[in-house]
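Read the structure below first, then the notes.
In what follows, chains carry the letters A, B, and so on, assigned in the order in which the sequence lines appear, proteins first and then strands, with residues in each chain numbered from 1.
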Protein chains: 2
Amino acid sequence: MGTTSKALSLLDFFSRKQPLIGLSALSRLSGLNKATTHRLLGELADFGMVEQVGAGRQYRLGPQFLRLAALREHNVPMRESASVLLETLANQTCETAHISLLHGQTLSTLSFAYGAGHGTFVHMEDAEILSLHATSSGLAVLAFSPADFVASVLSHGLTAHTSQTQTNSEAIRAQLADIRSTGIAISVGGFEEDVYSHAAPVFNANATCIGAMAVAAPVSRMTPDLSQRIHGLLSESARHLTRQWGGFPPDNFNTKIDPQRGPK
Amino acid sequence: MGTTSKALSLLDFFSRKQPLIGLSALSRLSGLNKATTHRLLGELADFGMVEQVGAGRQYRLGPQFLRLAALREHNVPMRESASVLLETLANQTCETAHISLLHGQTLSTLSFAYGAGHGTFVHMEDAEILSLHATSSGLAVLAFSPADFVASVLSHGLTAHTSQTQTNSEAIRAQLADIRSTGIAISVGGFEEDVYSHAAPVFNANATCIGAMAVAAPVSRMTPDLSQRIHGLLSESARHLTRQWGGFPPDNFNTKIDPQRGPK
DNA sequence: ACCACAGGTTCAAATAATGAACCGATTTAA
DNA sequence: TTAAATCGGTTCATTATTTGAACCTGTGGT
């Protein structure tokens, strides 16, 4: 592993829950020597990728990312184009629509939109972390990911976020087969109680699955009829997004779904 | 210079004008050996900081920045807090308000807001690059930056963006002295024709100037009266933002400005 | 007074970065 | 239709950078 990778890997320890990390802690987390960590952080800081905050000289992510993200988004408006589709989807379903991208072994939420017409919604936040085995989005991604990746994810500890989280890897593998045939993943209360969500995979130009689009509703509002509608609208939106992002589905992804009745 | 810095410096060659860069070109631009450039790009790509686009295998900024920017913004909502103030300022002045941060020897626009009530406005874009010597924001930053930094900026070629750009470094130094006493920088058509803009510096927790807030109006709409109003509102907003961002003005920044008449 | 842990620094030893030359494939110029 | 130039990418002996144990210094707790 190159020096640059080590430096960049430090950035991955910062999260919503842990926005501030001290030198020693980061050294421990990364397994790198304290002197090495210090030097790498210094280089990252020179570039505005981390910054030190007064009190305990702790580190946090720097302002540089705002600039680079704006530049990236200007060149490749992924977030913008996704947002437009999500707004439509949220309005059509009157529920929360979101899109999350694969990053390592978790999903990170890129954008979301709330529907209208109800008093309550499934809540979402930008950069929220979703686990692969416990969310519909995660299952959708796993279903279209390489076998070794799936094996790696399922072999690590499958944390139970709720009482309904499926932690049996064989049961999950069975679900993945279903998802591959329908093109839609479903999860009920696996990540948060009372959330019923549908998800469809999104692919890049190499036909690799890079994330998933999802619609999440309170369990109490889900009916076979609504599920049917979401199924149709969601798979259409996800396919649309794949195209907009310059990607295309892999050969094992059946694009010829009858919108009236679902596949098979 | 460490290896990590070399890798990160590659990111700085991507811009709005040049979003795609090939391996050889990037090697030339950075002065690094092609093999080195290739390896560094590979490491950056592993982390999603750059990605290769199909055709000519050219590189562009990667999707990772969206995630990190969202995380940073969640932890430290600089953009969000600035936007609120800019909206207010734009409404109060009925003109374009924006904030730009210092990055290297240029300013990068973080956020902006348009006023209401007129048919035309000064146009802005996210991540737009402003030069230090030719904009009011740049002058505001220079006025409160270390002497050696100012010297470095003024010694490099001062490009004339318009016929009205001031390129005489002595004349600019004289302006800086004025700006230090009033706390507001003014530039007329120095960057874009027909733009009359006011700017005020913003400081971080080390009392270092990190950027500037500005109000830009068409020259034709600028009157002594409007300038007076902008002067007051802008310096108040900028001071407010400095506080919100956890910073404070340096000792040589006079915070006791009479809002009726200006200082002195 | 003491210990434990924090951030940060030092310098010989070990490792990883470097770059000239090379490859095969396109593109351009003659 | 060649021939030269340029592209992205790779190789490997040489070289320079990274590395980490030990060491400061300061702080908060007992």
Rounded to the nearest Å, what distance is computed from the [atom1] atom of residue [X] to the [atom2] atom of nucleotide [N]?
X	N	atom1	atom2	result
B:L23	D:dT6	CG	C1'	12 Å
B:L26	D:dC7	CG	P	12 Å
A:E43	D:dT17	CD	P	11 Å
B:K34	D:dG9	NZ	P	10 Å
A:R39	D:dT17	CZ	P	11 Å
A:L32	D:dG20	CG	C1'	11 Å

Would you check if the side chain of [X] reaches a backbone N or O of [Y] as a donor-acceptor pair within less than 3.5 Å?
X	Y	answer
B:T208	B:N204	no
B:R79	B:E73	no
B:R16	B:D126	yes
B:Q52	B:R57	yes

(request) Carefully, step by step, assess B:R72 and A:E51 under the rule salt bridge (Lys or Arg N to Asp or Glu O under 4.0 Å). (result) CA-CA 11 Å; B:R72 157 75 185 187; A:E51 65 183 7; 2.7 Å; yes

(request) Report yes if the distance between the aromatic ring centroids of B:H156 and B:H133 is under 6.0 Å, otherwise no. (result)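 Centroid distance B:H156-B:H133: not below 6.0 Å, so no.
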
(request) Extract, from 5' to 3' on DNA chain C, the first and final nucleotides lying under 4.0 angstrom from some heavy atom of chain B. (result)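 Contacts span C:dA17 to C:dA20, reading 5' to 3'.
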
(message) Under 4.0 Å, counting only non-hydrogen atoms across every strand here, what does A:Q58 touch: a base, just sugar-phosphate, or nothing?
(response)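 Contact class for A:Q58: none.
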
(request) Identify whether any heavy atom of B:K6 sits under 4.0 Å from a base atom; if not, whether one sits that close to sugar-phosphate; answer base, sugar-phosphate or nothing. (result) sugar-phosphate

(request) Evaluate ring pair (Phe, Tyr, Trp, His ring centres under 6.0 Å) for B:F203 paired with B:F144, printing each intermediate quantity in order. (result) CA-CA 9 Å; B:F203 303 92; B:F144 296 94; 5.7 Å; yes

(message) Judged by each residue's nearest nucleotide on DNA chain C, which is more toward the 5′ side, B:N33 or A:A25?
(response)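 It is A:A25 whose nearest nucleotide is closer to the 5' end.
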
(message) Go nucleotide by nucleotide along DNA chain C from the 5' end; which of A:T3 and A:Q52 gets its closest nucleotide reached first?
(response)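 Mapping each residue to its closest nucleotide by heavy atoms, the 5'-most match is A:Q52.
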
(message) If the cut-off is 4.0 Å, is B:R28 near the phosphate of D:dC7, judged by side-chain N/O to OP1 or OP2?
(response)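 So the side-chain polar atoms of B:R28 do come within 4.0 Å of the phosphate oxygens OP1 or OP2 of D:dC7, strictly under.
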
(request) Establish, with yes or no, whether the OP1 or OP2 oxygen of D:dG8 is under 4.0 angstrom from a side-chain nitrogen or oxygen of B:H38. (result) no

